[in-house]
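Here's the structure we're looking at; comments come further down.
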Amino acid sequence: MTAIGWVQIILYCAIIVALTPLLGGYMTRVFNGERTFLAPVLRPVEVLLYRAGGVDEKSEQGWLAYTVAMLLFHVGGFVILYALLRLQGALPFNPAGMTGVPPDLSFNTAISFLTNTNWQNYGGESTLSYLVQMLGLTHQNFLSAATGIVLAVALIRGFARASAKTVGNFWVDITRCTLYVLLPICVVYTLFLVWQGMPQTLGSYIDATTLEGAKQTIAVGPVASQVAIKMLGTNGGGFFNANAAHPFENPTALSNFVQMLSIFALGAALTNVFGRMVGNPRQGWAILAAMGVLFIAGVAVCYWAEANGTHILSSLGLSGGNMEGKEVRFGIVASALFAVITTAASCGAVNAMHDSFTALGGMIPLINMELGEIVVGGVGAGLYGMLLFVIVTVFVAGLMVGRTPEYVGKKIEAREVKMAMLAILILPLMMLGWTAVAVVYPPAVASMANAGPHGFSEVLYAYTSMTANNGSAFAGLTGNTLFYNLSGAVAMFIGRFWMIVPAMAIAGALAAKKSVPPSLGTFPTTGGLFVGLLVGVILIVGGLTFFPALALGPIVEHLSMLAGSVF
Amino acid sequence: METSKVRKRMPVSTLVDPKIVLPAIGQSFVKLDPRTLVKNPVMFVLEVVTVLTTVLLLRDIVQGGQSLAFELQIVVWLWFTVLFANFAEAVAEGRGKAQADTLRQTRTQTRAKRLLSADNPERFETVAADDLRSGDLVVCEAGDVIPGDGDIIEGVASVNEAAITGESAPVIRESGGDRSAVTGGTTVISDRIVVRITSSPGTSFLDRMIKLVEGAERQKTPNEIALTILLVGLTLIFVFATATIPSYALYAGGSISVVVLVALFVTLIPTTIGALLSAIGIAGMDRLVRFNVLAMSGRAVEAAGDVDTLLLDKTGTITFGNRLATEIIPVPGVTEREAAEAALLASDADETAEGRSIIALAQDKYNVRREAAPAGAKFIEFSAMTRLSGVDAGTRKLRKGAIDSVLKFVREQAGHDVAEPAAFRAAVDKIARSGGTPLGLAENGRILGVIHLKDVVKPDVKDRFAALRRMGIKTVMITGDNPVTAASIASEAGVDDFIAEATPEDKLRYIRNEQSNGRLIAMCGDGTNDAPALAQADVGVAMQTGTQAAREAGNMVDLDSDPTKLIEVVEIGKQLLMTRGSLTTFSIANDVAKYFAIIPAMFAAFYPQLGVLNIMGLSSPQSAILSAIIFNALIIIALIPLALKGVKYRPIGAAALLRQNLLVYGVGGIVLPFIGIKAIDVIVTALHLA
């Protein structure tokens, strides 16, 4: 580890903290339906869209209507994307002449982009046309991100409102989120990426002759526009197979740093939106602080593990830590930091191969996802995932002060606990359950690139990533098989929606409750004690659930490595 | 407060009392019935897996397994775990049962004299108390046990209510007014009354009391339900975590026996809190009962812990029942001593509390000796007409009373208009402004001075209200006084708010208003006009001396009729919630150590590298697993006293309380099992059990 490495990490955190209230304030205005400085340009478009869709801006929905609207919206999105994938051979903007995508892969991919996972069992440049990339994927990148954000906002409204029947209007929220938040940032961001050297073209792939005289096809395309939303919306699905390790998808150190910032920007800002909407910004900061503690701890371990490398590498005369699978352009700190960020959030873009990390270094991204990606997390999804843990924490801790637990003025009772547990339960079921099937099902075992605990980690990582809607891969595993395509689609679907529906039920239940004014007998949820408690509950509940699996994967691999055997 | 010292308690039975422990051991086996156990999901799951391992053990015995002794021990300890949980519940129930038996004795054998017609109280038939219906009229004479709950419609009697309250001094019950309610099971000591029965068989106060202390009809309270859901959720998570292990092991080229897997599962699921949960609830109710407060539901006890606002009647709760003299202010030209002597003499035969307080004041503050009243002195009693009292001793006519009346008396005596001294008027105004009552003092045609009567706030209520404030509870004083008087007493007592000139409607309105702001309200009351407010309040404590209507409306009844007890009721509610939370935290925190004991042992056969995780240095895989499961069972027994006694509540503010409990039950919960499991491992190894 180097001082300059830590400077980069600290600088990163500082900028995120600085951005949080700025973006948070702006987003609060957007979701409170207030006028923003972009209104002169965007308001006419917004009004036009409502008129076209027959949406009454003023009417609001209860939690169930809101959720049903969201689900219907996704059914439509799925049909369009699946059709595009299957029919791409017959559709325009296909200079490379890609043929239709097979059914199981199309199914997996459609679910993957619908759920903000962006798990890719294909290589973008070798499988998809520009039309599919732009109309299908980029479009879903926007909408799945917007969906996550508006659901979080609906849950926040549940906490903020008292004796209310409604939690907002899904159609209005998703329109405003896309128009006022995602689009403007992406326009500026895309231009920045183009300036940094990222291609943005509808022209065909370029054939070049190398110095040795060999002919090489260089894939290009509308990269910058997809990368902007892929990062900002924590989607993570790369234009190219190599994702953010590809020079065209991440040209410079600056683009790398800004991409990392854009992963956390909206997720962190939502904590601030939460604080503002419940009337006490410190509530938001407390949540961000808990996220920050887990983040810094993860970065420290991962950076330490990668910077130290292994004694096997050193004995081969290699110094300077573990550089296997990393871009020389980025080096160890930027790779380790990127890996922790992308898995802490549900982004899943990668600028290094996580498979090549040391056992402990690779365990951190795994843990990040196993905890449910609540460390900042996917846009929206991170906050509502975190709030579920907050409910569990407040419930246990609240009892310890001798009162029915309360959080930001809302009593936490049986219904909230039930829904929170239902949502939290699904993570181990999908992650551990599918892994248990895959490691003994011969066709699935055949997909593993490595034997022993490392192979185990590959499979565990894959299902963890899909369930948590991350989308990053440990690599090494051949995912494009019927079994992984279908089981993965189930994991992604359940991981997303089994979480959302209970969270929305909580939103509805909370909105209907009275708000209890805080007193000295209410336990404060803004201080260090609460932050520590929240972190403790997350680590104990998450840690205890996954400890056996981690012991059999990364931990035993690390211990074996110390004993000199690798897999 | 003096009332808290003299409180009578029902006998406290301890954990080592054989009368409770022996039946509880028997009950532990009876409660193994899955139909009973299914109400406690965690324990039910435990029983299921225990039966499963028992079957597997039997199979291995028949087929000849390799590690039978180890498996046998695991199975035995699993059964112990279930039994210990049942034992905890049985002990908690047993304590109530002992009380219920005493109560039940009074109920049986009661005969009732039922009137044949309402207009003739002499003609009655003798029937069994169980045959009485609501609306029947019964007559009770000295020595009779009142056969059921009811209202006196005729007569007055002294009644011994010791069967219900434990208090042996008889109380007066009479028809009409707020003292008309009688309770079945109590005994008439003197006189004769006619009672209209208001309860049907099996629903009387005594019946409800018996059921409550027995915990027979105990329903889960809202927080208990929520906690059960949390525990079920955690159990399911650990089902997933352990059920997937065999597949992982198979991939790694090993296998894991079901018994070991069950051992891991059982140690991980929250058995500690699962086992103690119902005992905690029963013990909470029991604590109230021993405090002579009957809660009609567990929900009410829990609500007491959540209370944000306490509505307290001024008189008797915040102040002493009567106004007391605190100062005698003479007019110019009269010495303090002179005025004090006159005041003492005027009050010499005054047996009211006010009168006695004037005597006490004159003696203590002004050092006037009390001498025998002059011969031939004629005492004038207070009457509503004259609003004066005093004495005529020879030529001296001393009077004290309402200011107007005293002035009128002076003018009559002097035979002409007497100017009211400016200092007198000033003193009267000052007393009135401060919320006190001025009492004029005069001799013949001369005004002597004014006596300051005031509501005296009980000595330590201010501290108690300060403690309540630290608990986050607002206190509101209810009084019939005018706003000026009320404000003065409120500030002296340190209450947060007051309702002056309060009518029953005002109380109701105040409660509704607070509730609409999300607050929970507790109040106590005894009169029929309190009933609507008692019913509306989240915690309504009715006084046992109160009317039947009030007792029906409240969700708690205080058998001692002591309104200050509301404060303890709140503490008991908080204690109940805290005990649950603390033991849940402890239970979950325990899991960390258990993982470190079992995981390395479990995978030792095929991943010996994981031995590094055996940080406790447990001697062998089998002893590690056995030690963890033994610890898991014994901790239940060890925590039964805490579950019954409850975690101590201190009004130090939520943050400080949380920090303290987190340190003890959270951090302690992580550390303790490391020590405990290691210690058990040493013993297990020394005894060659594994």
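The residue among A/Val537, A/Leu544, A/Val396 with the most heavy atom pairs within less than 4.5 Å of chain B is A/Leu544. No other option in B/Tyr251, B/Phe238, B/Phe240 has as many heavy-atom pairs under 4.5 Å with chain A as B/Tyr251. Residue with the most contacts toward chain A among B/Val232, B/Thr579, B/Leu227: B/Leu227 (heavy-atom pairs, distance under 4.5 Å). The residue among A/Val417, A/Ile555, A/Thr522 with the most heavy atom pairs within less than 4.5 Å of chain B is A/Val417. Options A/Ala397, A/Ala549, A/Ala414 differ in how many heavy-atom pairs under 4.5 Å they form with chain B, and the most are formed by A/Ala414. When B/Leu576, B/Asn517, B/Ile588 are compared by the number of non-hydrogen pairs under 4.5 Å with chain A, B/Asn517 comes out ahead. Note: A/Leu425 leads A/Val392, A/Val437, A/Leu425, A/Ile424 in heavy-atom pairs under 4.5 Å with chain B. The greatest number of non-hydrogen atom pairs below 4.5 Å with chain B, out of A/Phe395, A/Phe523, A/Phe546, A/Phe530, is found for A/Phe395. By number of non-hydrogen pairs under 4.5 angstrom with chain A, the leading residue of B/Phe606, B/Tyr665, B/Tyr248 is B/Tyr248. Listed options A/Val440, A/Val516, A/Val445 were ranked by heavy-atom pairs under 4.5 angstrom with chain B; first place goes to A/Val440. In terms of non-hydrogen atom pairs under 4.5 Å with chain A, the most contact-rich of B/Val612, B/Leu264, B/Asn223, B/Asp308 is B/Asn223. Among B/Leu657, B/Leu236, B/Leu658, the residue with the largest count of heavy-atom pairs under 4.5 Å with chain A is B/Leu658.
Taking 4.5 Å as the limit, every side-chain heavy atom of B/Thr267 sits out of range of all side-chain heavy atoms of B/Asp591. Put simply, the side chain of B/Glu514 reaches to within 4.5 Å of the side chain of B/Lys474, judged on heavy atoms. Side-chain contact between A/Lys514 and B/Arg519: absent, with no pair of heavy atoms (C-beta onward) separated by less than 4.5 Å. Annotation: side chain of A/Leu427 is not in contact with side chain of A/Thr545 (no heavy-atom distance under 4.5 Å). No side-chain heavy atom of A/Lys513 sits under 4.5 Å from any side-chain heavy atom of A/Ser163. Residues B/Val266 and B/Asn632 form a side-chain contact, since some pair of their non-hydrogen atoms from C-beta on lies under 4.5 Å apart. With a 4.5 Å cut-off on side-chain heavy atoms, A/Met499 and A/Ile494 do not count as touching. Counting only heavy atoms from C-beta outward, the side chains of B/Leu639 and B/Phe586 approach each other to under 4.5 Å.
Only the side chain of B/Ile599 comes within contact range of chain A, with at least one heavy atom under 4.5 Å from a heavy atom of that chain. Contacts between A/Phe456 and chain B at a heavy-atom distance below 4.5 Å involve backbone atoms as well as side-chain atoms. Of the two parts of A/Leu529, only the side chain, counted from C-beta on, holds a non-hydrogen atom closer than 4.5 Å to a non-hydrogen atom of chain B. If you measure heavy-atom distances from B/Ile473 to chain A, you find no contacts under 4.5 Å at all. Interface remark: B/Asn661 contributes backbone and side-chain atoms alike to the contact with chain A (heavy atom separation under 4.5 Å). Interface remark: A/Met400 contributes backbone and side-chain atoms alike to the contact with chain B (heavy atom separation under 4.5 Å). Interface residue B/Ile670: only side-chain heavy atoms are found under 4.5 Å from chain A. For B/Ser516, the part lying under 4.5 angstrom from a heavy atom of chain A is the backbone only. Using a 4.5 Å cut-off between heavy atoms, A/Ser560 contacts chain B through both its backbone and its side chain. The part of B/Val307 that comes within reach of chain A is its backbone (N, CA, C, O), which places non-hydrogen atoms under 4.5 angstrom from that chain. Contacts of A/Thr435 with chain B are made by both backbone and side-chain atoms, with heavy-atom separations under 4.5 Å. Neither the backbone nor the side chain of A/Met561 comes within contact range of chain B, judged by heavy atoms closer than 4.5 Å. Contacts between A/Pro548 and chain B at a heavy-atom distance below 4.5 Å involve backbone atoms as well as side-chain atoms. With a 4.5 angstrom heavy-atom cutoff, B/Ala252 does not touch chain A via any of its atoms. Heavy atoms of A/Pro453 lying under 4.5 Å from chain B belong to its backbone as well as its side chain. Using a 4.5 Å cut-off between heavy atoms, A/Ala451 contacts chain B through its backbone alone, with no side-chain atom that close. The contact between B/Leu520 and chain A is made entirely by side chain atoms (from C-beta outward), counting heavy-atom distances below 4.5 Å. Of the two parts of A/Ala563, neither the backbone nor the side chain holds a non-hydrogen atom closer than 4.5 Å to a non-hydrogen atom of chain B. Proximity to chain B (any heavy atom under 4.5 Å) is restricted, for A/Ile540, to the side chain, taken from C-beta onward.
In this structure, A/Trp434 and A/Tyr463 have parallel ring planes: the angle between them is below the 30° cut-off, well short of the 60° mark. Ring pair A/Phe159/A/Tyr407 is perpendicular by interplanar angle, where above 60° counts as perpendicular and below 30° as parallel.
Under a 3.5 Å cut-off, the side chain of B/Asp497 and the backbone N or O of B/Val476 do not form any donor-acceptor pair.
Atom CG of residue B/Leu261 and atom CE of residue B/Met602 lie 4.5 Å apart, to the nearest 0.5 angstrom. Atom CE of B/Met471 and atom CG of B/Leu310 lie 8.0 Å apart (nearest 0.5 Å). Here the straight-line distance linking atom CG of A/Leu552 with atom CG of A/Leu460 works out to 9.5 Å at 0.5 Å rounding.
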Does the side-chain contact (heavy atoms from CB on, under 4.5 Å) test come out yes or no for A/Leu510 and A/Glu416, once each step is laid out?
CA-CA 8 Å; A/Leu510 289 175; A/Glu416 290 76 39; 3.9 Å; yes
Does the pair A/Met421 and B/Leu234 meet the rule for a side-chain contact (heavy atoms from CB on, under 4.5 Å), with working shown?
CA-CA 8 Å; A/Met421 286 315 287; B/Leu234 287 175; 4.2 Å; yes
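Residues A/Thr404 and B/Glu302 have side chains that never bring a donor and an acceptor to within less than 3.5 angstrom of each other.
When ring centroids are compared, A/Phe474 and A/His454 come within the 6.0 Å threshold.
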